[in-house]
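Below is one structure, written out as structure tokens, with a few remarks after it.
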Amino acid sequence: MTDSAKPTLLVVDGHSLAYRAFFALPVDNFTTKDGQHTNGIYGFLAMLINLIKAEKPTHLAVAFDTSRESFRTREYSDYKANRSETPSEFKGQIPLLQDCLAAMSIQVLQKPDFEADDILATLATQGAAQGYNVLVCSGDRDTIQLVTDDVTLLYPNVQGVSQLKRYDTDAVIERYGVRPEQYPDIAALVGETSDNLPGVPKVGEKTAVKWLTQFGSLDALLDGADGVTGVVGNNLREHIDAVRRNRTLNRLLTDVELPVTVTDLEVQPMDAQAVRDIFARLEFKSLIPRVAELAGIEQQMAAVTSAAAMLAPVAVEPSPSDLAAWLDEASGEVAVTVTVDGGLPHRVGFSTADASAEATWNAEVAASLTPWLSSDAPKVFSDAKSQVKALRRAGVVLGGLTFDIIVAGWLMRPSFPDKTLAHLVDRYLDEKLPEADPTQLVPETEGATPGQLSWYTLRVAAKVREELAPSVASVLHDIELPTLQALADMELAGVAVSHAKLSGFSSELAERADAIAQDAYATIGREVNLGSPKQLQEVLFEELLLPKTRKTKTGYSTDAAVLADLQESNPHPFLDQLLQHREATKLRQIIESLDTAIGPDGRVHTTYVQTGSQTGRLSSTDPNLQNIPVRTDESKRIREAFEVGDGYETLLTADYSQIEMRIMAHLSADPGLVEAFNSGEDLHRFVGARVFAVDPSEVTPAMRTKVKAMSYGLVYGLSAFGLSKQLRIEQSEAKQLMMEYFARFGAVRDYLRSSVEQARIDGYTETIFGRRRPFPDLTSPNRVLRENAERAALNAPIQGSAADIMKIALFHIHHDFAAENLRSRVLMQIHDELVVEIAPGEWDAAEKIVRERMGDAADLTVPLDVQIGRGSDWNIAGH
DNA sequence: GCAATTACGTA
DNA sequence: CGTACGTAATTGCC
């Protein structure tokens, strides 16, 4: 029992426990999508969390070995020499584990030349002397010697680390028959196989205990060794030096000099955001709430000493005219929050540095506030787009949008999911946004009102601005905020989709899928769920006995590439039937989701997620209009359902051709590639002619396919292995192709190399327009993480610059259409393509704007080529 | 009911 | 062992 009046010090041997967890947990179940093994980290943290929860330590530290070498190996070179090489899968986990502990504000201690247990011994001794209850958690038996009335050992059971056994003095006596301080004497006599310390032959615990009880101490035993009879007595006399050596080596040091004292180990509040970040990276979803629970306890404790968070002022609710007058007089920026109900404004709230006000949206409020809302008076929002849309539905065109904290937060940290005001309040203000609990009918806590939300928004904006690099700020103001307004209008406009065209096709595909399924069942003689990879594996690899394919986490892959390979090596009708079934059902899925998304206005309104990618691209959801099939004949029928809407004349599509390769030419300034784009020749033909040293007219389709794959692959960091795989050629041939390619376009390789190197130095990549993406993993000692980061870093400036260019073109077009009073409007953006709905009589004017704005969006050393199409539906217009 | 996994559509 | 996304179905866990 612990004395609750005393503080509790918990010291943990990180290395030995993580190592046990590593072997106890199946590595297959603990691997991130990046390939990082996490079983040791996970097992250790799960144990530590349970331990903290159960023991509630007031002071805490985790110690690590720095390497296998220590003063002990210098004294006895065979110490631990029999241990097998530490698996590399484990080694890489230790730095990540230490990152986790740092995020949890847990003190990590290690010291060259000493083992973790020496640090534990030193801290335990200090702690006990200073009146702490001390808990030592270690997987090394030598720590038994530390147990006293004040020091308890927590030792893992044989299996894993989930169960810890408590050793106090009585428990040690019960288990080993001697007092804790005598345990090293026993160990010295018996020896420790795991440390490569042989003891006295034929002497086990029983004999050792008997001797010690008989002689009273190890010294007395060794002095009186001549009096010990029998074979074991002879053995003892012969191995007396080994015993002395063992006893020296297994004595833990209690006077290691450390940079901290026990009082410095007081439990600190966790950095909640850092914990979430690193746990998310390691994909420890289930651990996050468990840590949060702990953090809650700690924050309560910490709150006693730290100042209470500022409380949001109660917003006043003035008359509409007073509110408008107050806004007009506001000197600086005003934060605005519009709550939306049924797509329309419901409540509006405003906050300046020193006051907040709010109102319920109605005709009178709308009339009073519209002039200010549509003016250039500076306004800050949190996630403006949905609010901009609501206002626009109410007839108000928002002006003066100068900051959006969600977009700005994303620009600074595009990889982190700070997608709500609450996240940002947490991260930048270190406060909790009051939120109503949606699971409770009568919430215990009130949610913040719009005025209060604005107050938080304004304060977050100030913090975010401080951290915003100038180049990123310019991306926000010059690209993202204008784009936001254009996106709002695109979403509101939607695109007309014909239910009639879709529903017929859908049932046709359903019938086809059904028929294929029946054939497939006949082929294999039973019914299976063709949508279940698990059941398919049984059929393919156990019943049809086809060769095993690429491994996945849960078995063997059955994806299309794998099935195509199988079909080639082991042709079987089932494979084809499965592929066809997949194709039909997938197509039907897409059609169905599209069909159900058609609104009462006959149009589909997607949502563009402006913060949806790490590179600067948009993403599209509910439904995703950026992955509508295009490659096959069947998919054309889907695009035919995207029609010009009532009151409009035709659709226009405009796409950038080879924009990423053009950006590559610009950034690398490769003379060959620049010439390719300035020559007017087909890019792949031109490149093929150079690579294969033939005349452009002699470039065969096969040659063109190869250089095309190579060119596109470059942008993604493709390897010779990947290239050979894709082109189904020998790796040696792929290697040769890459050599020839770089011999002719060497500046491309130089650029790619130097851009990754620069990113390693800076810690981030930057697009032509200054958009940044951090890459902390470029310096990771973990090869998987590092190489993944290198490929992403290679791609980010190219994909990101293309996204910048498209956004610039988009908002310019949007702006020009309005400025020239055209009714024509942009409907969709598919990364390098725009779809525009042209009002009657406006083709020439609209086409000119689109062509010029896209062509002039960036000033590169190569031209931006824009392809324009026209037609009554997306399929026709897209040609 | 939720999360993980697999597969697949786009640029 | 190719970047960036979103969706849907199955499956296993809580």
Side-chain angles (χ1 to χ4, degrees), chain A residues 28-33 35 283-286 288-289 414-415 528-537 550-563 578-579 581-583 585-594 596-597 606-609 611-632 634-635 638-639 655-660 709-727 731 734 765 773 783-784 787-800 802-803 806 828-833:
Chain A
D28 292 350
N29 301 0
F30 295 92
T31 305
T32 67
K33 57 182 187 307
E283 300 170 14
F284 290 162
K285 300 213 170 80
S286 70
I288 293 178
S415 62
V528 290
N529 185 341
L530 294 174
S532 162
K534 188 166 173 281
Q535 295 181 33
L536 288 174
Q537 285 175 45
R550 177 170 59 84
K551 276 202 174 186
T552 65
K553 267 187 188 168
T554 56
Y556 297 95
S557 173
T558 68
D559 71 19
V562 153
L563 294 183
L578 177 55
L579 282 169
H581 183 262
R582 287 236 180 101
E583 194 181 333
T585 48
K586 180 76 184 178
L587 221 49
R588 178 158 178 270
Q589 255 170 33
I590 290 170
I591 293 165
E592 279 297 307
S593 67
L594 207 51
T596 53
T606 186
T607 301
Y608 290 103
V609 185
T611 57
S613 81
Q614 301 196 40
T615 53
R617 277 190 177 180
L618 303 174
S619 74
S620 159
T621 64
D622 305 311
N624 182 355
L625 295 185
Q626 291 179 323
N627 71 341
I628 302 301
V630 68
R631 297 183 208 285
T632 64
E634 305 272 45
S635 59
I638 301 179
R639 292 193 170 220
D655 62 85
Y656 282 118
S657 64
Q658 294 135 356
I659 187 166
E660 292 191 341
M710 170 87 204
S711 291
Y712 277 106
L714 275 181
V715 180
Y716 304 137
L718 189 67
S719 63
F721 176 89
L723 188 63
S724 73
K725 193 104 184 167
Q726 193 197 320
L727 290 172
Q731 253 195 80
T765 58
R773 178 174 171 189
R783 206 178 81 175
V784 177
E787 291 182 347
N788 284 343
E790 283 169 353
R791 286 190 298 273
L794 192 113
N795 173 263
I798 299 169
Q799 189 182 119
M806 180 50 110
M828 294 194 278
Q829 189 259 40
I830 308 97
H831 307 307
D832 65 1
E833 175 186 7

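These numbers come from the heavy atoms of this one structure, side chains and all, not from hydrogens, waters or symmetry mates. Numbers restart at 1 for each chain; the letters A, B, ... are given by sequence-line order, proteins then strands. Computed from a predicted model, the values in this text were never measured in an experiment.
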- Message: Classify A/Gln535 by what it touches in the nucleic acid, base, sugar-phosphate, or nothing, heavy-atom distance under 4.0 Å.
- Response: sugar-phosphate
- Can you find a side chain N or O atom of A/Lys534 that sits less than 4.0 Å from OP1 or OP2 on C/dA9? no
Of the listed C/dC5, C/dT10, C/dG2, the closest approach to the A/Ser532 side chain comes from C/dT10
In Watson-Crick or G-U wobble terms, with both distances under 3.5 Å, the base opposite C/dG2 is none
Fill in: Distance test, side-chain N/O of A/Thr621 to OP1/OP2 of C/dG6, below 4.0 Å
no
With the side chain defined as heavy atoms from C-beta on, A/Asn627 is closest, among C/dT3, C/dC1, B/dG9, to B/dG9
Rounded to whole Å, the CG-C1' distance (A/Leu579 to B/dG9) equals 15 Å
- Item | A/Arg631/A/Glu583 ion pair, N-O < 4.0 Å | no
Show your working on side chain to side chain contact (heavy atoms under 4.5 Å, CB included) between A/Arg639 and A/Val630 and close with a plain yes or no.
CA-CA 8 Å; A/Arg639 292 193 170 220; A/Val630 68; 3.5 Å; yes
Closest to the side chain of A/Ser613, out of C/dC5, C/dG12, B/dT10, is C/dC5
Is the base of B/dG9 touched by the side chain of A/Gln589 through a donor-acceptor pair closer than 3.5 angstrom? no
A/Thr765 and A/Ala796 have their tightest heavy-atom pair at OG1-CB, 3.6 Å
Requested in this report: Answer with base, sugar-phosphate or nothing: what part of the nucleic acid does A/Ala560 contact at a heavy-atom distance below 4.0 Å?
Outcome: sugar-phosphate
A/Lys586 has its side chain closest, among C/dG2, C/dC5, B/dC8, to B/dC8
Using a cut-off of strictly less than 4.0 Å, decide whether A/Ser620 has a side-chain nitrogen or oxygen near OP1 or OP2 of C/dG6.
no
- Task: In sequence, state the C-alpha distance, the side-chain angles, and the governing distance for A/Met806 and A/Ile659, and then conclude on side chain to side chain contact (heavy atoms under 4.5 Å, CB included).
- Result: CA-CA 10 Å; A/Met806 180 50 110; A/Ile659 187 166; 6.0 Å; no
Checklist entry - So, the side chain of A/Ser620 versus the backbone of A/Leu625: is there a donor-acceptor pair under 3.5 Å, distance only? => result yes
Whole-Å distance, A/Gln829 CD to C/dA4 C1', equals 13 Å
A/Asn795 CG to C/dC1 P, in whole Å, measures 17 Å
Under 4.0 Å between any heavy atoms, over every strand shown, what does A/Val609 touch: base, sugar-phosphate, or nothing? Just pick one. nothing
Taking B/dT6, C/dT3, C/dC5 as options, the one with an atom nearest any side-chain atom of A/Lys553 is B/dT6
Test side chain to side chain contact (heavy atoms under 4.5 Å, CB included) on A/Lys551 and A/Tyr556 and set out the steps. CA-CA 4 Å; A/Lys551 276 202 174 186; A/Tyr556 297 95; 3.7 Å; yes
Q) Do A/Asn624 and C/dG6 have a side chain to base donor-acceptor pair shorter than 3.5 Å? A) no
*Check the pair A/Gln731 / A/Phe721 against side chain to side chain contact (heavy atoms under 4.5 Å, CB included), numbers first and verdict last.*
CA-CA 6 Å; A/Gln731 253 195 80; A/Phe721 176 89; 3.4 Å; yes
- Under 4.0 Å between any heavy atoms, over every strand shown, what does A/Arg617 touch: base, sugar-phosphate, or nothing? Just pick one. base
Notebook entry, point to check: Which is true for A/Ser635 with a 4.0 Å heavy-atom rule: it touches a base, it touches only sugar-phosphate, or it touches nothing?
Noted result: nothing
Touch check for A/Thr585, heavy atoms < 4.0 angstrom, all strands: base, sugar-phosphate only, or nothing?
nothing
request  = Could you tell me whether the side chain of A/Arg582 has a donor or acceptor atom within less than 3.5 Å of a complementary atom in the base of B/dA7?
outcome  = no
Rounded to whole Å, the CD-P distance (A/Gln626 to C/dA4) equals 16 Å
Here the distance between atom P of C/dT10 and atom CG of A/Leu530, to the nearest Å, is 11 Å
Check every strand shown and say whether A/Glu660 touches a base, only sugar-phosphate, or nothing at a heavy-atom separation below 4.0 Å. nothing
TODO: Tell me what A/Ile628 touches on the nucleic acid: a base, only sugar-phosphate, or nothing, going by heavy atoms under 4.0 Å.
DONE: sugar-phosphate
Closest to the side chain of A/Thr554, out of C/dG2, B/dA11, B/dT6, is B/dT6
A/Arg588 atom CZ is separated from C/dT7 atom P, nearest whole Å, by 19 Å
From OH of A/Tyr556 across to P of B/dT5 the rounded distance in Å is 18 Å
Below the 4.0 Å mark, does C/dG2 have OP1 or OP2 next to a side-chain nitrogen or oxygen of A/Ser719?
yes
So, is A/Ser593 near the phosphate of C/dT7, with a side-chain N or O under 4.0 Å from OP1 or OP2? no
Review point. OP1 or OP2 of C/dG2 sitting under 4.0 Å from any side-chain N/O of A/Arg791?
Key: no
A/Asp832 CG to C/dA4 C1', in whole Å, measures 13 Å
